[in-house]
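Structure first, then comments.
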Number of protein chains: 2
Amino acid sequence: MGELREQLRDMTDCGLPQALEVMGERWSFLILRAAFNGFIHFEEFSSELGIARNILSNRLGRLVEHGVLTREPCAVDKRKIEYRLTPKGVDLLPAMLALRQWGEKHGVNVDPELVLVDAANGQPVAPIAIHADDGRELGWHDLAWQKREDVGKGGPGCC
Amino acid sequence: MGELREQLRDMTDCGLPQALEVMGERWSFLILRAAFNGFIHFEEFSSELGIARNILSNRLGRLVEHGVLTREPCAVDKRKIEYRLTPKGVDLLPAMLALRQWGEKHGVNVDPELVLVDAANGQPVAPIAIHADDGRELGWHDLAWQKREDVGKGGPGCC
DNA sequence: AACATAGGTAGCGATTCGAAACCAGTTGTT
DNA sequence: AACAACTGGTTTCGAATCGCTACCTATGTT
């Protein structure tokens, strides 16, 4: 990834620690997956994920706190709470899908019955990849770090 | 995401639990990031990440065990060990970058000094997204689950 | 030989997890 | 109105994990 080494310690310089702060705890991603699959109630998450109630309560609270989910009492049955994805939560879909595709590609005994397809034509979605601005797919060695103020000045051989 | 609900409990039916089994513990993703940035030695990971030695030892062993990193004694200095990414590890780059981009977009106080660019022309890489087979970008509501044996039979209105 | 370095391991308090029991507010039933 | 059942929690407490420090062993340096 080029000769410029990132400063890994500086939290403000990389979004990864921030993302992990929100999504890095156990169950968080599985709760998110359940949310993407249409589950909205506490009992649904609990029974489908088999997670302890206190942990689920903690994680849902955390996701709400960080703006990934909203928490609203159900209008028709005030015992129920509706947890729904925010736009910020929906933005996690590429990351979740990439992780999932990696698990399916490299995991053992993964044989998914269901395939994620383009609803418009029923064709499976493409594997998540890194693309240049113009759409070319980029691999690890096509990438480099560049100071923000220098962006655009690079070229072949810059790394 | 359509009316077909996934079976969330069945481990063999989804790669996400498998991915989280490997990468879901604390520090694993940050170690991976360090590896992508060229760090290969125990002491480098330790000092750059500020992680306790026993935990680091545990995580590195786990990543090696799962085939994300290789562990080889350094030829020139046999005290040193070289931890290097395997192809399976490199395959995690889109997932890591997607997570990171999410953190940068939605986190607080994220102001990265360095930008990931296409080394060929110095232009920033595109945000990670979900694409159809033909390259169209797809959003959450463009997606559906389909039984594997039915793939290709879908079409407008199938959901 | 003496010392420093690299990569771990061991011990131990602090935190977190997780199973089960309990609780409060709402809804359904009689 | 009385009572049971349901929903979304909180509390409790033992087990596992985290993380800091000290220590250990093999190798390299002087």
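This structure is a prediction, so every number in the text was calculated from the model and none was measured.
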Could you list the residues that satisfy side-chain hydrogen bond (donor to acceptor under 3.5 Å, both in side chains) with A/D142, not counting sequence neighbours? none
Has the side chain of A/R59 got a donor or acceptor atom that lies under 3.5 Å from a matching backbone atom of A/R26? yes
Polar side-chain atom of B/E21 near backbone of B/P17 as donor-acceptor pair, under 3.5 Å: no
Comparing nearest nucleotides in DNA chain C, the 5'-proximal residue of the pair A/A75, A/I51 is A/I51
Within the distance-only criterion (no hydrogens, no angle test), does the side chain of A/K105 pair as donor or acceptor with the backbone N or O of A/R100 below 3.5 angstrom? no
Taking the side chain as every heavy atom from C-beta outward, state whether A/L92 and B/W102 have any atom pair closer than 4.5 Å. yes
Rounded to the Å, how far apart are B/I55 CD1 and C/dT16 P? 14 Å
Carefully, step by step, assess A/E48 and A/R33 under the rule salt bridge (charged side-chain N to carboxylate O under 4.0 Å, His left out). CA-CA 11 Å; A/E48 287 294 326; A/R33 175 165 74 108; over 6 Å; no
Evaluate the salt bridge (charged side-chain N to carboxylate O under 4.0 Å, His left out) criterion for residues A/R53 and A/E43: first the C-alpha distance (whole Å), next the side-chain angles of each, then the deciding distance (0.1 Å), finally the verdict. CA-CA 9 Å; A/R53 309 174 71 77; A/E43 285 300 331; 2.9 Å; yes
Might you work through the side chain to side chain contact (heavy atoms under 4.5 Å, CB included) test for B/W140 and A/L85, ending with a clear yes or no? CA-CA 11 Å; B/W140 179 21; A/L85 287 165; 3.7 Å; yes
Per-nucleotide protein contact string for nucleotides 3-10 of chain C, where B marks a base within reach and S marks sugar-phosphate only (heavy atoms under 4.0 Å, - for neither): --BSBBBB
In the 5' to 3' direction, the nucleotides of DNA chain D bounding the stretch that comes under 4.0 Å of a heavy atom in chain B are D/dC18 to D/dG28
